[in-house]
S.K.: 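Starting off with a structure, shown below.
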Amino acid sequence: MTDQARPQRNRSGRPRSGTRPASGAAAGTPVNRPARTRTAGRGPRVAAARPAEDFTVVQGTPARPPAATFAELDMPPALLRALAAQGVTEPFPIQSATLPDSLAGRDVLGRGRTGSGKTLAFGLSLLARTAGRRASARRPLALVLTPTRELAQQVTEALAPYAGALNLRIATVVGGMSITRQANLVRRGTEVLVATPGRLDDLIGRGDVHLDEVAVTVLDEADQMADMGFLPQVAKLLEQVAEGGQRMLFSATLDKNIDRLVDRFLTDPVTHSVDPSAGAVTTMDHHVIQLDPADKAEATARIASREGRVIMFVHTKHGADRLAKQLRANGVVAAALHGGKSQPQRNRVLDQFRDGAVTALIATNVAARGIHIDGLDLVVNVDPPIDHKDYLHRGGRTARAGESGTVVTLVLPDQRREVNRLMTVAGIRPTVTKARPDDSELKRITGARTPTGVPVALPVPGGAQPAAAGAAGGSGAAPAAGEAAQGARSGRGRRSGGGAGGGGAERAAARTERAQRAERIEQGERGERAGSADGAPRRRPQAKRSALPKDLDSNGNPRRPRPKHRPGTGTGSGGGQMAAGFIGKTSGRAKPGSGAKSGSNYGTGRQRRKAD
């Protein structure tokens, strides 16, 4: 066989692909197949994407029929009056479906789209079943676990008016705040505890909290709690609650990961899925804008300069800080929100964004769950999300409580395949547009406009520092939760879980008043520390100088110069030669190296052996 006729083989001895002899061809005759063309910008071939797999529905006791009104439900009259006072007259679908079973004490799995009222769906049941009881010190009666600090504070604000109507105390314990203050709050007793897993575990380790009397446990954003990062800690906490208690899991996306918690901790649960997982964002317009790498920065700046507010999501903390700095240099009032900031900083940024002082919020996934912003109509994924659930929750910051919104994802050529797969898994068919920064199509979709180019700085309110609220029961820097806002449908204004309906200006004024009060208190503390009311630095009073000459001491005796001590010279009170390893003066009663426990020979370690 000649070299030209010899088939090419790989290291295993098999013919290489494209050179296998075809049937009927002479042995050893190479058969050349046509080369496969690859579309420009595509990566390696991947398996076809399939929609996300749902959790396993447990077949047990049938669910109760939904309730058309709150009056049909077995809730305390004070709670019904509080609902009417807040303008909440008709339950949302997730509330109508889950409340009959949760009020009866059954374990519940609830799935509803973002902004559908899940907070009141589990909150009303939790408060109604806890009403009339009084918690002892360090032992709450109901527990709500959330993955993020902002969501915990938002849940507290949403439930605070109804808890007050039932004379129930509610407290929030989250990281980034004073653990001592939170421990003191729980020691005094609280019926409802809203917490993040990490801080609650810390308090339990200190002996400040015991969960053996918790009868109702809720996991908000349960799918994230079931992830491997949270699961061990969440399981550890659920093992400590009272036996036979009620457990409820709520989220906008429930998948196979939730099965581990259901199998282990829920008993005969009833499942209510008001919205399918892939349909959680069907009320939005979804756009994928394909950009060249050189155009992405300019396109992002133009979108951020739009008239109105926008949330832009990126992957990393550093990326959020960098993009916010770049946008401010281009004239856009932008601020970053991520887990690397302290809780007061995060609260201040959210307040400024809600009030309109900041128009572009650059956030990581810490803001993707539970954060409610009234009137937000655009969410931009500057960095495409990795998981389809992240896409659904990011997009869920808009189109809440029946409103409409737009979700835009900026995609580079090497990201197209991954984004297409993500959309398929999420069950979304977006509108794909290839655009340049100055194209009219980009302006039509996002409202993009040319930035001013004049650098701006973040607003620093002189007397409007947000009050820290993580440790206070029923308080929080985050304004009212939107998931309890239900007035948009009935035309009676927005109803908020944390304040009166339609009271955006009132809430802003109340926040400003609290902030000014906190600023006055802080200035007073600074004045006390400084020794004057105006905060001027206080100098330590100097001792009176003696009138005696410098060569006399305070007793009038002549000053004697202190002899310098040189190791090994015998200078000092003890005299003699100092052993190696000794520090300080030698003792007059013990010879160096003797090891006697007196003077500076004690505990010095090295000792010199006596010469023979």
S.K.: Got a sec, which pairs hit salt bridge (charged side-chain N to carboxylate O under 4.0 Å, His left out) with one end in residues 440-450, sequence neighbours left out?
M.R.: E441-R444
S.K.: For side-chain contact (heavy atoms from CB on, under 4.5 Å), just list the numbers for Q154 and T119, CA-CA rounded to whole Å, side-chain angles, deciding distance to a tenth of an Å, and then say yes or no.
M.R.: CA-CA 9 Å; Q154 191 163 283; T119 302; 6.0 Å; no
S.K.: Using every non-hydrogen atom in the two residues, find where G395 and V407 come nearest and quote the distance to one decimal.
M.R.: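 The answer is CA-CG2, 3.7 Å.
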S.K.: Between D107 and L266 (side chain of the first, backbone of the second, donor and acceptor by atom type, cut-off under 3.5 Å), is there such a pair?
M.R.: no
S.K.: Could you tell me whether a side-chain N or O of H315 sits under 3.5 Å from a main-chain N or O of V382, the two making a donor and an acceptor?
M.R.: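 No, the answer is negative, given that no donor and acceptor are paired below the 3.5 Å cut-off.
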S.K.: Going by the rule salt bridge (Lys or Arg N to Asp or Glu O under 4.0 Å), which residues pair with K236 if we only count those two or more places apart in sequence or in a different chain?
M.R.: D201
S.K.: Quick check against the 3.5 Å criterion: does Q415 have a side-chain atom that pairs as donor or acceptor with the backbone of P384?
M.R.: no
S.K.: Scan V192, L126, V144, V241 and name whichever one has a side chain to side chain contact (heavy atoms under 4.5 Å, CB included) with V216.
M.R.: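 Answer to the side chain to side chain contact (heavy atoms under 4.5 Å, CB included) test with V216 among V192, L126, V144, V241: L126.
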S.K.: What residue pairs, at least two apart or across chains, pass salt bridge (charged side-chain N to carboxylate O under 4.0 Å, His left out) with a residue in residues 313-342?
M.R.: none
S.K.: By salt bridge (Lys or Arg N to Asp or Glu O under 4.0 Å), which residues pair with R346, not counting sequence neighbours?
M.R.: E150
S.K.: Does CZ in R206 sit with more than 12 non-hydrogen atoms of other residues, nucleotides or ligands closer than 6.0 Å?
M.R.: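 Enclosed.
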S.K.: Please report the C-alpha distance between D383 and K296 in whole Å, then the side-chain angles of each, then the deciding distance to 0.1 Å, and finally whether the salt bridge (Lys or Arg N to Asp or Glu O under 4.0 Å) criterion is met.
M.R.: CA-CA 11 Å; D383 293 336; K296 184 174 180 179; 3.5 Å; yes
S.K.: Is it the case that the side chain of Q182 and the backbone of V174 share a donor-acceptor pair, with hydrogens and angles ignored and the cut-off at 3.5 Å?
M.R.: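 Yes, the answer is positive, given that a donor and an acceptor are paired below the 3.5 Å cut-off.
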S.K.: Would you name the heavy atoms of G331 and T452 that are closest together and state the gap between them?
M.R.: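 Residues G331 and T452, closest heavy atoms: CA-OG1, 3.5 Å.
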S.K.: Can you name the residues that form a salt bridge (Lys or Arg N to Asp or Glu O under 4.0 Å) with D292, not counting sequence neighbours?
M.R.: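 If we apply the salt bridge (Lys or Arg N to Asp or Glu O under 4.0 Å) test to D292, skipping adjacent residues, the hits are K434.
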S.K.: Are the side chain of T316 and the backbone of G319 linked by a donor-acceptor contact shorter than 3.5 Å?
M.R.: yes
S.K.: Mind checking ring-ring contact (aromatic ring centres under 6.0 Å, His included) for F122 and listing every partner two or more places apart, or none if nothing turns up?
M.R.: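 For F122, the residues satisfying ring-ring contact (aromatic ring centres under 6.0 Å, His included) (neighbours in sequence not counted) are F250.
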S.K.: Taking R309 first and then D355, would you say they form a salt bridge - that is, a charged N and a carboxylate O separated by under 4.0 Å?
M.R.: no
S.K.: Distance-only, no hydrogens or angles: does the T359 side chain make a donor-acceptor pair with backbone N or O of V333 under 3.5 Å?
M.R.: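 Pair found, side chain donor or acceptor close to backbone of V333.
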S.K.: Indicate the atoms forming the closest heavy-atom contact of F265 with R247, along with that distance.
M.R.: O-CD, 3.2 Å
S.K.: So does L151 get a backbone contact from the side chain of T146, meaning a donor-acceptor N/O pair under 3.5 Å?
M.R.: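 No.
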S.K.: Under a 3.5 Å cutoff, is there a donor and acceptor pairing between the side chains of R111 and S251?
M.R.: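 Checked: R111/S251 side chains show no N/O donor-acceptor pair below 3.5 Å.
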S.K.: Please report the shortest heavy-atom distance between M177 and P344, naming the atom on each side.
M.R.: SD-CD, 4.2 Å
S.K.: Apply the test side-chain contact (heavy atoms from CB on, under 4.5 Å) to residues D208 and V186: give CA-CA distance (whole Å), side-chain angles for both, the deciding distance (0.1 Å), then the verdict.
M.R.: CA-CA 7 Å; D208 295 323; V186 180; 5.7 Å; no
S.K.: Answer yes or no: is there a donor N or O on one side and an acceptor on the other, between the side chain of H388 and the main chain of V425, under 3.5 Å?
M.R.: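 Pair absent, no side-chain N/O of H388 close to backbone of V425.
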S.K.: May I ask you to decide if L376's main-chain N or O and T398's side chain share a donor-acceptor pair within less than 3.5 Å?
M.R.: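 Yes; judged by distance alone, with no hydrogens or angles, the pair exists.
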S.K.: Where the side chain of T446 meets the backbone of L442, is there a donor-acceptor pair that is under 3.5 Å apart?
M.R.: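 Here the side-chain-to-backbone pair exists.
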